[in-house]
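Following: one structure in structure tokens, then a few remarks.
Values below: all heavy atoms of this structure, side chains included; hydrogens, waters and symmetry mates excluded. A note on names: the letters A, B, ... follow the listed sequences, proteins ahead of strands, and every chain is numbered from 1.
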Amino acid sequence: MPQQTERELVETFYRAVCAQDYDVIESFLADDAVWSIGGPVDALPYCGTYRGRARIRQVLDHKIAETLGRRKIIADSFVADRGRGALLGRLVAHLTDGQTIAYRVALFFAMCDGKVHEVHVLLDSFDAAEQVIGRRLDVSHDDGEWPHDSIVPV
Amino acid sequence: MSRSDIQAFYAAMCRHDFEAIAELLDEDVDWTISGPVDVLPYCGNFRGKQAVTRLLEFKVPQTLGERYIIPDMFLIEGSRGAALGRLVARGRNGHSISYRLAQFFTMRDGKVVHYCSVLDSFDAAEQVMGHRIEVADAPKLLDLDEELFAV
């Protein structure tokens with residue numbers, strides 16, 4: 001069987017991400033891969049930074065699957081540049097209560113020698129949080145204001 | 001389409017060079033920034049060069065003062081660019097704001113015709129407002145299911 005080119009490998013990983021095919025995704029991950037998902041952990045428990053193939057698979061199987069249920073990413077755009085890929089799309093998930101949610105997502109990854117070493121996911125995390133918790137977030141009150149001395153002027 | 005056009009646009013975005021950005025916008029540009037409009041008024045969909053320049057010149061500075069983007073990853077393929085970075089800005093009260101953003105754009109004949117940005121909008125909203133957004137009292141979905149079945 002002929003070896004896949006770098007571009008083909010990048011596209012294969014991209015397609016696995018869109019299909020949320022965790023077996024294929026795991027097969028691409030380097031032992032020391034880093035996978036980060038930006039967002040509020042309180043509302044979206046799968047957000048955070050995860051290191052190592054086994055840990056990432058655990059997060060994909062449990063934290064993401066348990067929160068979002070059946071899901072896929074509908075891609076609007078995909079850019080591949082050497083061993084790197086960038087996906088812009090919309091994640092559509094069918095929650096365990098039957099509700100369907102959809103929010104915008106961007107995913108960047110870097111591949112070397114056929115292995116993915118880093119994945120960075122950005123969500124429209126405000127929109128995602130509101131949909132996952134099932135209510136509008138209150139942005140009008142001032143409770144929980146940060147102390148001013150913790151704010152460092154630019 | 002040359003890589004240099006795409007690089008020039010992204011470089012202008014990174015240093016928030018309004019005049020250089022405006023020079024590179026197509027008259028019919030479609031510009032989208034994902035996020036809650038009531039907290040981040042520069043979010044939304046804007047169509048046409050006039051609307052986008054108005055956004056960049058007037059609307060963004062109402063929320064974000066001096067600002068720039070620190071690039072992390074920048075990809076180019078054909079007429080399209082994609083970038084991952086961190087926006088650093090001064091908020092209205094002089095406090096620092098820093099959040100991650102992804103930018104995707106398409107150029108045609110040396111001009112940007114499509115732009116879409118995805119922010120870590122929860123983080124951005126908290127920083128722009130200057131306080132935390134409370135989500136702790138939100139029902140957990142699995143717990144909610146159990147309660148519903150128990151009733």
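Taken from CZ in A/R7 to CD in B/E77, the straight-line distance is 4.0 Å, to the nearest 0.5 Å. We find the CG-CG distance between A/L122 and B/L119 to be 8.5 Å, quoted to the nearest 0.5 Å. For the atom pair CD of B/E134 and CG of A/D42, the computed distance is 7.5 Å after rounding to the nearest 0.5 Å. Rounded to the nearest 0.5 Å, atoms OG (B/S34) and CG (A/D127) are 8.0 Å apart. To the nearest 0.5 Å, atom CD of residue A/E118 and atom CG of residue B/D72 are 7.0 Å apart. To the nearest 0.5 Å, atom CZ of residue B/F105 and atom OG of residue A/S77 are 10.5 Å apart.
Heavy-atom minimum distance, B/V118 versus A/D124: CG1-N, 3.8 Å. In terms of heavy-atom proximity, A/D81 sits nearest to B/L75 at OD2-CA, 3.5 Å. Of all non-hydrogen atoms in B/D38 and A/R136, the two that sit nearest each other are OD2-NH2, 3.7 Å.
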Tell me, with the steps shown, if B/F104 and A/F108 meet ring-ring contact (aromatic ring centres under 6.0 Å, His included).
CA-CA 11 Å; B/F104 291 77; A/F108 290 73; 5.6 Å; yes
Can you list the steps and then say if A/L123 with B/D120 is a side-chain contact (heavy atoms from CB on, under 4.5 Å)?
CA-CA 6 Å; A/L123 324 172; B/D120 183 351; over 6 Å; no
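Shown here is B/R15, whose CZ atom has more than 12 heavy atoms of other residues, nucleotides or ligands within 6.0 Å. A 6.0 Å sphere centred on NZ of A/K115 holds more than 12 heavy atoms belonging to other residues, nucleotides or ligands.
Contact annotation for B/A102: both backbone and side-chain heavy atoms come within less than 4.5 Å of a heavy atom of chain A. In this structure, chain A has a heavy atom under 4.5 Å from the backbone of B/F74, while its side chain stays farther away. Contact annotation for B/A124: neither backbone nor side-chain heavy atoms come within less than 4.5 Å of a heavy atom of chain A. When heavy atoms are compared at a cutoff of 4.5 Å, A/L88 approaches chain B by way of both its backbone and its side chain. A/A129 touches chain B through its side chain: at least one heavy atom from C-beta onward sits under 4.5 Å away, while N, CA, C and O do not.
No side-chain heavy atom of B/E126 sits under 4.5 Å from any side-chain heavy atom of A/P40. Between A/R104 and B/S121 the shortest side-chain heavy-atom distance does not fall below 4.5 Å.
Criterion: ILVMFWY side-chain heavy atoms under 4.5 Å apart, direct or through other members. Under it, A/Y103 and A/V119 are part of a common hydrophobic cluster.
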